Number of protein chains: 4
Amino acid sequence: MSSRPVARPTRRGAATRERIIEAATEVFARRGVHGTRVADIAERAGVAYGLVYHHFRNKEEILSAIFAERWAQYVAYLEEVAGMPLSFRERMARLVHFWVETYRVETDLMTVMINEITRSYEFLESHDITAVLVAFDPIERIIAEGRESGQVRATVDARLATYAVLGVAEMVLTGYVIGSLPRSDQGAYARDEAQLLALLLDGLSASPS
Amino acid sequence: MSSRPVARPTRRGAATRERIIEAATEVFARRGVHGTRVADIAERAGVAYGLVYHHFRNKEEILSAIFAERWAQYVAYLEEVAGMPLSFRERMARLVHFWVETYRVETDLMTVMINEITRSYEFLESHDITAVLVAFDPIERIIAEGRESGQVRATVDARLATYAVLGVAEMVLTGYVIGSLPRSDQGAYARDEAQLLALLLDGLSASPS
Amino acid sequence: MSSRPVARPTRRGAATRERIIEAATEVFARRGVHGTRVADIAERAGVAYGLVYHHFRNKEEILSAIFAERWAQYVAYLEEVAGMPLSFRERMARLVHFWVETYRVETDLMTVMINEITRSYEFLESHDITAVLVAFDPIERIIAEGRESGQVRATVDARLATYAVLGVAEMVLTGYVIGSLPRSDQGAYARDEAQLLALLLDGLSASPS
Amino acid sequence: MSSRPVARPTRRGAATRERIIEAATEVFARRGVHGTRVADIAERAGVAYGLVYHHFRNKEEILSAIFAERWAQYVAYLEEVAGMPLSFRERMARLVHFWVETYRVETDLMTVMINEITRSYEFLESHDITAVLVAFDPIERIIAEGRESGQVRATVDARLATYAVLGVAEMVLTGYVIGSLPRSDQGAYARDEAQLLALLLDGLSASPS
DNA sequence: GATGAATGAGTCTTCATTCAT
DNA sequence: GATGAATGAAGACTCATTCAT
């Protein structure tokens with residue numbers, strides 16, 4: 001019908017919008033987008049549910065907003081690492097630390113990004129999948145450059161390896177979230193980082209084959 | 001009330017039940033459990049939706065059935081590999097081949113198991129999470145045994161490594177499903193298997209650190 | 001999403017559908033389509049409102065069904081009159097009688113057809129206006145033929161006259177509905193018919209100009 | 001509570017109020033009162049929707065204002081014609097010209113008056129129907145006087161004839177609005193006026209019966 | 001066993017209206 | 001006066017589930 005701008009020019013409006021996004025991130029992480037009612041989001045945000053529709057056209061648009069505003073930051077960091085004048089090992093160390101650290105600090109956001117964005121047919125179908133996959137690019141670049149500089153084995157398929165690296169990160173973080181990989185002290189995370197780095201760089205074998 | 005027999009051991013009944021499970025696997029894979037209507041499953045199975053309730057108490061029970069009947073097979077194979085008198089390398093090769101092969105052949109089933117069982121708060125909350133995590137055990141055992149026999153680096157944390165291994169498998173298979181890792185010819189899968197095996201065993205680095 | 005056929009193969013289903021249409025006709029006549037809640041229709045039909053959606057995709061589709069199933073009958077009668085080997089005067093008498101009689105007997109249906117179909121921008125925009133205007137054709141034909149046979153003044157614009165004739169019918173019937181033209185006894189309707197026929201044939205003037 | 005002044009007699013205030021009324025007339029004509037949102041009116045008027053409530057207590061009050069301010073003018077003209085020392089024929093000519101002309105110039109206003117005032121149960125129920133029907137009076141008077149002076153057939157029922165006259169006017173104008181009676185040049189309207197006048201005065205028949 | 005009509009709780013979404021700024 | 005953020009009642013629509021046939 002008519003095109004409501006789905007407002008937000010004022011400071012208060014922007015703040016409310018932000019609160020809704022944060023609330024949505026929390027509940028999406030717990031119950032998934034499908035399992036979340038708009039009323040849950042509103043309640044968590046402490047606003048009337050009608051207000052959600054003042055800021056977003058519908059539930060999916062909130063997810064899109066989370067994606068639009070957070071994914072770019074995520075990719076930006078990956079790109080930053082890819083652009084640093086560091087050794088391949090150093091770069092991987094940064095990435096591993098970043099993943100572990102981010103998951104610890106922004107668990108809900110990472111959960112949503114993984115489950116509702118990266119994994120969701122629904123999301124991927126209604127959005128430009130390219131926008132999601134740009135996160136893979138800097139990592140592929142890091143690996144490809146490492147290969148060119150001789151730091152990565154020459155036979156490595158950079159693209160496939162990228163999936164492997166991201167898979168490792170995702171599953172371990174999922175273990176944290178689900179609680180099947182419980183980590184109570186700070187040191188545990190540091191040890192995990194070392195472990196993961198070693199795994200990614202040197203694999204499991206005691207001696208190269 | 002809740003003592004309706006639900007499933008019947010008739011020949012036809014069993015076949016219908018199986019068709020419903022297969023249909024559910026397909027649509028669950030496409031739209032997720034939440035996004036799937038019982039009518040979708042019935043339509044896909046070519047039966048009236050009311051009939052679904054002759055065989056299953058409700059929608060979730062279909063998912064539970066998929067889990068109960070398929071997960072056990074999956075774990076059984078992992079256990080079989082863990083019990084084979086093979087080298088660590090050989091065992092890992094079997095696993096990698098199994099994952100790639102299974103995903104190729106039973107894409108929907110793997111998708112459902114990953115997205116709706118392994119990842120789902122809902123499922124994990126209403127079921128014994130232990131039943132899910134048993135799939136991790138044989139792999140952890142393979143790694144631990146490999147470490148004991150000196151085939152795996154002594155410093156490897158078997159549990160964390162298990163997550164890493166499964167993460168690699170899952171993400172690559174997700175790439176297949178989403179189509180972002182397109183593989184048209186048979187050889188591509190074989191090459192991927194070799195790549196993944198090398199990555200898991202030897203890591204990315206050109207030289208061990 | 002998936003295309004629910006919006007059922008009705010069984011006898012009971014068809015009967016229910018019919019009851020819903022009749023109930024909708026009543027409430028649409030009283031409150032208009034916009035002012036009617038699906039729950040009102042269901043209540044009037046004595047069914048759960050969910051059932052309405054078993055038979056119709058939405059509220060508008062009920063109106064479309066009323067139109068589709070009733071308008072054709074209405075036009076069919078007009079066509080019948082147009083096809084009768086009668087004088088112009090006789091034909092007009094039949095039409096006037098038909099309008100008055102139908103309105104008396106099927107007040108709600110006529111009200112809905114006039115207010116929600118003939119007059120509604122919403123309806124006319126979402127349907128083929130031609131399907132509505134076919135009701136004008138037989139009348140225009142009657143007038144044109146009357147003109148050719150010398151029974152209607154040669155200067156009459158058949159199309160414009162058709163609008164005038166239908167306007168007379170509609171407004172008088174509206175007066176009946178609104179109650180501003182109260183008619184309690186049978187004779188009143190008969191007198192009105194005579195009046196209207198005289199008006200349409202001879203106009204208001206005491207002497208032709 | 002309900003004693004908010006609502007309207008303010010400031011210069012700017014009055015202008016805004018007028019703009020809102022004009023905007024409302026336009027959108028009411030397109031979508032009907034029910035189908036119109038206050039936000040639509042405000043948007044069309046180029047003001048914030050909250051401002052509408054500075055001038056009107058609610059949406060219906062805008063319609064009431066349209067009625068109050070325009071209907072009186074309309075009736076006033078009819079009364080003026082009824083009071084003119086003219087022949088019946090002349091008076092009818094004035095009326096027909098007025099209707100055609102007004103509809104041409106103020107299409108939206110006429111549409112709203114016909115559909116949302118004259119026809120609306122809602123409106124007629126919440127207002128004094130008498131206030132609406134006063135528009136019928138001068139016409140009835142014109143006809144009655146014509147009859148007394150011998151210019152109108154003695155057998156004519158003035159009240160019924162009034163409905164017929166207004167029905168003719170309304171339907172033809174509806175044809176203009178809907179576009180099913182397209183009139184591109186000025187002459188067409190003039191010809192229609194002549195046609196309608198002849199129809200009303202002399203009817204369709206070639207010879208009086 | 002099989003069908004699909006029927007039910008109604010659960011949600012999404014709209015939008016009139018209020019009110020702080 | 002003017003704005004648009006905020007509220008929440010109202011209603012449309014979906015769909016899991018029951019049950020008569």
Side-chain angles (χ1 to χ4, degrees), chain A residues 1-2 4-5 7-17 34 36-40 42 46-60, chain B residues 4 8 10-13 15-17 34-42 46-60, chain C residues 1-2 4-5 7-17 34-40 42 46-60, chain D residues 4 8 10-13 15-17 34-42 47-60:
Chain A
M1 298 280 144
S2 86
R4 205 172 6 124
R8 128 195 61 133
T10 59
R11 329 91 247 250
R12 179 144 70 122
T16 302
R17 184 192 150 88
H34 265 300
T36 296
R37 294 168 303 178
V38 173
D40 294 333
V47 300
Y49 56 83
L51 188 54
V52 172
Y53 291 92
H54 215 284
H55 293 278
F56 302 93
R57 208 172 307 283
N58 54 45
K59 198 165 64 165
E60 270 64 41
Chain B
R4 190 155 37 98
R8 244 63 59 93
T10 330
R11 319 105 239 141
R12 181 144 66 131
T16 303
R17 182 191 151 89
H34 263 299
T36 296
R37 295 169 299 184
V38 172
D40 294 333
I41 301 172
V47 300
Y49 55 83
L51 187 54
V52 172
Y53 290 89
H54 272 273
H55 294 279
F56 302 93
R57 208 175 310 283
N58 54 45
K59 193 166 68 164
E60 270 64 42
Chain C
M1 300 280 146
S2 85
R4 205 170 6 122
R8 128 197 61 136
T10 59
R11 329 92 248 249
R12 179 144 69 121
T16 302
R17 184 192 149 87
H34 265 300
T36 296
R37 293 169 303 178
V38 173
D40 294 333
V47 300
Y49 57 83
L51 188 54
V52 173
Y53 291 93
H54 216 283
H55 294 277
F56 302 93
R57 210 174 305 287
N58 54 46
K59 199 167 62 167
E60 270 65 41
Chain D
R4 191 154 35 99
R8 244 64 60 93
T10 329
R11 319 102 242 143
R12 182 144 67 129
T16 303
R17 183 191 150 89
H34 263 299
T36 296
R37 295 169 298 186
V38 172
D40 294 333
I41 301 171
V47 301
Y49 55 84
L51 187 54
V52 172
Y53 290 89
H54 272 273
H55 295 278
F56 302 93
R57 208 175 310 285
N58 54 45
K59 194 167 67 164
E60 270 65 42

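Naming convention: chains lettered A, B, ... in sequence-line order (proteins, then strands); numbering from 1 in each chain. Not measured: the values here are computed from a predicted model.
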key: C:H55 NE2 - E:dG4 P separation (whole Å)   = 13 Å
message = Taking the nucleotide of DNA chain F with the nearest heavy atom to each, does B:E60 or C:N58 sit closer to the 5' end?
response = C:N58
remark   = From the candidates F:dC13, E:dA16, F:dG4, the one with an atom nearest any side-chain atom of C:Y53 is F:dC13
message = By nearest atom, which of the nucleotides E:dA6, F:dT3, F:dG8 is closest to the A:A48 side chain?
response = F:dG8
task = Could you tell me the separation between the CG atom of C:D40 and the C1' atom of F:dA12, rounded to a whole number of Å?
result = 12 Å
key: Pairwise distance CZ(A:F56) to CG(A:N58) - rounded to 0.5 angstrom   = 10.5 Å
NZ-CZ distance between C:K59 and C:R37, expressed to the nearest 0.5 angstrom = 10.0 Å
task = Would you name the heavy atoms of C:A42 and C:Y49 that are closest together and state the gap between them?
result = CB-CA, 3.4 Å
Closest-nucleotide ordering on DNA chain E, the 5'-leading residue of B:V52 and A:L51 = B:V52
message = Does F:dA2 have OP1 or OP2 under 4.0 Å away from a side-chain N or O of D:T16?
response = yes
Using a cut-off of under 3.5 Å, enumerate the N/O to N/O pairs linking the protein to nucleotides 9-11 of chain E.
unit_1, atom_1, unit_2, atom_2, d
E:dA9, N7, C:Y49, OH, 3.1
E:dA9, N6, C:Y49, OH, 3.0
E:dT11, OP2, A:R37, NH1, 2.8

key: Dot-bracket summary - DNA chain E, pairs being Watson-Crick or G-U whose distances fall under 3.5 Å, with | when paired to another strand   = .||||||||||||||||||||
ask   = For the pair made of CD1 in D:I41 and P in E:dA16, what is the distance, rounded to whole Å?
value = 8 Å
inquiry  = From NE2 of A:H54 over to C1' of E:dT17, roughly how many Å is that when rounded to an integer?
reply    = 12 Å
query = Rounded to whole angstrom units, what separation is found between the CZ atom of A:F56 and the C1' atom of E:dT14?
reply = 18 Å
